[in-house]
Amino acid sequence: MAGTALAPGKVRVKTSAKRGHRSRIALVNAVPVTVFLLVLFVYPIIGVLSLSLEGDSGGFTLHWYTDALSGVNLSVLISTLRISAETAVLSLLVGFMLAHAIARMRPVFAALAMLIVVVPHFISALVRTYGWIIMLGEHGLINTLLTSVDAPGAPYSLLYNETGVVIGTTSVMLPYTVLILQGVMRGVDRRLLAAAAGFGAGRLTIFRRVYLPLVAPGVGTAGLLSFILCLGYYITPALMGGDKQTVVAALIDQQVMKQDQWNSAAAFGVILLLLTFAGLGVLGLAKLRRKKAHARRSSS
């Protein structure tokens, strides 16, 4: 009887010992990952931050941030934010239609369509950008077609301006948008749409009050991802924007490579990082609000 009574305690001791052993193993396995993140992520960020706060004489200063948020530099930052927002909106519009069409296809055709959307993304961004330059040029394919059909004002200026940059960056961000939206749309229960139609709702009402709320999380994620990626994108804006349409990434390149202004470039890098964190924070708050709203609906 006594041996039987002590057995549960011994089991608990053994169980806790095993858990402690597993925790120590987990900590040991986490050390390489932690070191990797500290060396290749945290340390560079701290270095850039300290560089952006270092004055010419070596003391603390906010001069580089003041310079980045004033004058021509501020206009470049605003232009970058505007181009990123335009790219996100255009990617969502085109990507939503593509993803919606793909989600309604049979699996075989959907896989083929996704292949057509994704495969160009594996081609070098430099090659794709030069392809757009050839197509959008004054004598390129698009202007030639528009001129042949006597479009008013053709040929259009589609290069080395904001229009060309937005077209190029949208083509880069589009695969990300389609991948996210198509996955979300595939998960929509079609029986909900059929039920709404059975109650007499029209197509527009079903789309606005049933379908759109179900895919809204994916729309927000895809739009924010396109916006964040476009903030620091360099190749396409540098080639298709030229000197007249400078973005922050191109400005950082000029300050480092031509002007040797590492402090100012570091300040711009920190500003872009803060904007990225702000976007991720907005996305996190939106997800938290959706979870709380879902919890309230479930409890009621």
Practice item. Scan residues 42-53 for pairs that pass salt bridge (charged side-chain N to carboxylate O under 4.0 Å, His left out), counting only residues two or more places apart or in two chains. Key: none
**Study point:** Under 3.5 Å: donor-acceptor pair, side chain of Thr221, backbone of Gly218
**Key:** no
**Study point:** Test item: Val219 and Ile180 side chains (from C-beta on) under 4.5 Å apart, heavy atoms
**Key:** no
Review point. Do the side chains of Leu38 and Tyr43 get nearer than 4.5 Å, heavy atoms only?
Key: no
Check your understanding: Does the separation of the ring centres of His100 and Tyr211 fall below 6.0 angstrom?
Key -> yes
Review point. Does Asn263 reach the main-chain N or O of Glu54 with its side chain, forming a donor-acceptor pair under 3.5 Å?
Key: yes
Practice item. In sequence, state the C-alpha distance, the side-chain angles, and the governing distance for Trp262 and Gln255, and then conclude on side chain to side chain contact (heavy atoms under 4.5 Å, CB included). Key: CA-CA 7 Å; Trp262 287 82; Gln255 290 177 339; over 6 Å; no
Review point. Which salt bridge (charged side-chain N to carboxylate O under 4.0 Å, His left out) pairs, counting each pair once, include a residue from residues 65-88, with sequence neighbours left out?
Key: Arg82-Glu162
Practice item. Indicate the atoms forming the closest heavy-atom contact of Pro155 with Thr147, along with that distance. Key: N-OG1, 4.1 Å
**Study point:** Closest non-hydrogen atom pair, Ala113 against Ile102
**Key:** CB-CG1, 3.8 Å
Review point. Quick one: ring pair (Phe, Tyr, Trp, His ring centres under 6.0 Å) pairs with a partner in residues 122-148, sequence neighbours left out?
Key: none
Study note, to complete from the structure: In this structure, OG1 of Thr144 is separated from CD of Glu138 (nearest 0.5 Å) by 10.0 Å
Review point. Under a single-linkage definition using a 4.5 Å side-chain heavy-atom cutoff for Ile, Leu, Val, Met, Phe, Trp and Tyr, are Leu239 and Ile142 assigned to the same hydrophobic cluster?
Key: yes
**Study point:** Any pair counted as side chain to side chain donor-acceptor pair (under 3.5 Å), so long as it reaches residues 269-284, sequence neighbours left out
**Key:** none
Review point. Below 4.5 Å, heavy atoms only, C-beta onward: do Leu81 and Phe227 meet side chain to side chain?
Key: yes
Point to revise | Ile228 CD1 to Leu283 CG distance, which is reported to the nearest 0.5 Å | key: 7.5 Å
Practice item. Take Ile252 and Leu272, measure what side chain to side chain contact (heavy atoms under 4.5 Å, CB included) needs, and give me the verdict at the end. Key: CA-CA 11 Å; Ile252 291 174; Leu272 288 181; 4.2 Å; yes
Study note, to complete from the structure: Between the CD1 atom in Ile167 and the CG atom in Leu90, the distance rounded to the nearest 0.5 Å is 8.5 Å
Practice item. Taking the side chain as every heavy atom from C-beta outward, state whether Met240 and Leu136 have any pair of such atoms under 4.5 Å apart. Key: yes
Point to revise | Arg128 side chain vs Ile123 backbone, donor-acceptor pair below 3.5 Å | key: yes
Point to revise | Transitive ILVMFWY side-chain link Val270 to Val76, under 4.5 Å | key: yes
Practice item. With Val248 as reference, evaluate Leu275, Ile83, Thr80 under the side chain to side chain contact (heavy atoms under 4.5 Å, CB included) test and give the passing residue. Key: Thr80
Practice item. Measure the CG-CG distance between Leu179 and Leu174 for me, rounded to the nearest 0.5 Å. Key: 9.5 Å
Review point. What is the minimum heavy-atom distance between Ile116 and Pro120, and which atoms define it?
Key: O-CD, 3.0 Å
Practice item. Tell me whether Leu37 is reachable from Val31 by hopping between hydrophobic residues (I, L, V, M, F, W, Y) whose side-chain heavy atoms are closer than 4.5 Å. Key: yes
Check your understanding: Quick one: does Phe207's side chain get under 4.5 Å of Leu193's, heavy atoms only?
Key -> no
Practice item. Return the minimal non-hydrogen interatomic distance between Thr129 and Ala125, and the atom names on each side. Key: OG1-O, 2.7 Å
Point to revise | Donor-acceptor contact present, side-chain Thr177 to main-chain Met173, <3.5 Å | key: yes
Point to revise | Sidechain-backbone polar pair: Asn143 side chain, Leu146 backbone, donor-acceptor under 3.5 Å | key: no
Exercise for review: Please examine the side chains of Ile271 and Leu77, heavy atoms only from C-beta on, and report whether any two atoms are closer than 4.5 Å.
Suggested key: yes
Exercise for review: Report yes or no: do Met135 and Leu126 belong to one cluster of Ile/Leu/Val/Met/Phe/Trp/Tyr joined by side chain heavy-atom distances under 4.5 Å?
Suggested key: yes
Exercise for review: Using distance alone, with no hydrogens and no angle criterion, decide if Ser226 and Thr87 have a side-chain donor and acceptor under 3.5 Å apart.
Suggested key: no
Revision key, fill the gap. The complete set of salt bridge (charged side-chain N to carboxylate O under 4.0 Å, His left out) pairs with one or both residues in residues 186-198, sequence neighbours excluded, reads Asp189-Arg191
Point to revise | Val188 with Leu92, same ILVMFWY side-chain cluster at under 4.5 Å | key: yes
Practice item. Would you sort out whether Thr61 and Leu53 count as a side chain to side chain contact (heavy atoms under 4.5 Å, CB included), showing the intermediate values? Key: CA-CA 5 Å; Thr61 181; Leu53 297 173; over 6 Å; no
Check your understanding: Is there a side-chain contact between Trp64 and Gln261 (heavy atoms, below 4.5 Å)?
Key -> yes
Practice item. Would you mind reporting whether Val39 and Val35 have side-chain heavy atoms less than 4.5 Å apart? Key: yes
Check your understanding: So, does Ser91 use its side chain to make a donor-acceptor pair with the main chain of Ala88 at under 3.5 Å?
Key -> no
Point to revise | Heavy-atom donor-acceptor pair, Ser79 side chain to Ser75 backbone, under 3.5 Å | key: no
Revision key, fill the gap. Taking every heavy atom of Val117 against every heavy atom of Pro175, the minimum-distance pair comes out as O-CG, 3.9 Å
Review point. What are the two closest non-hydrogen atoms of Ala99 and Val178, and how far apart are they?
Key: CB-O, 4.1 Å
Check your understanding: For the side chain of Asp253 and the backbone of Ala249, is there at least one donor-acceptor N/O pair under 3.5 Å apart?
Key -> no
Check your understanding: Between Val215 and Phe96, does a side chain to side chain contact (heavy atoms under 4.5 Å, CB included) hold up when you go through it step by step?
Key -> CA-CA 10 Å; Val215 300; Phe96 192 95; 4.0 Å; yes
Review point. Quick one: OG on Ser264 to CD on Gln254, what's the gap to the nearest 0.5 Å?
Key: 11.0 Å
**Study point:** Between CD1 on residue Ile235 and OG1 on residue Thr169, distance to nearest 0.5 Å
**Key:** 13.0 Å
Practice item. Kindly state each residue pair satisfying ring pair (Phe, Tyr, Trp, His ring centres under 6.0 Å) with at least one member in residues 143-202, sequence neighbours excluded. Key: His121-Tyr176
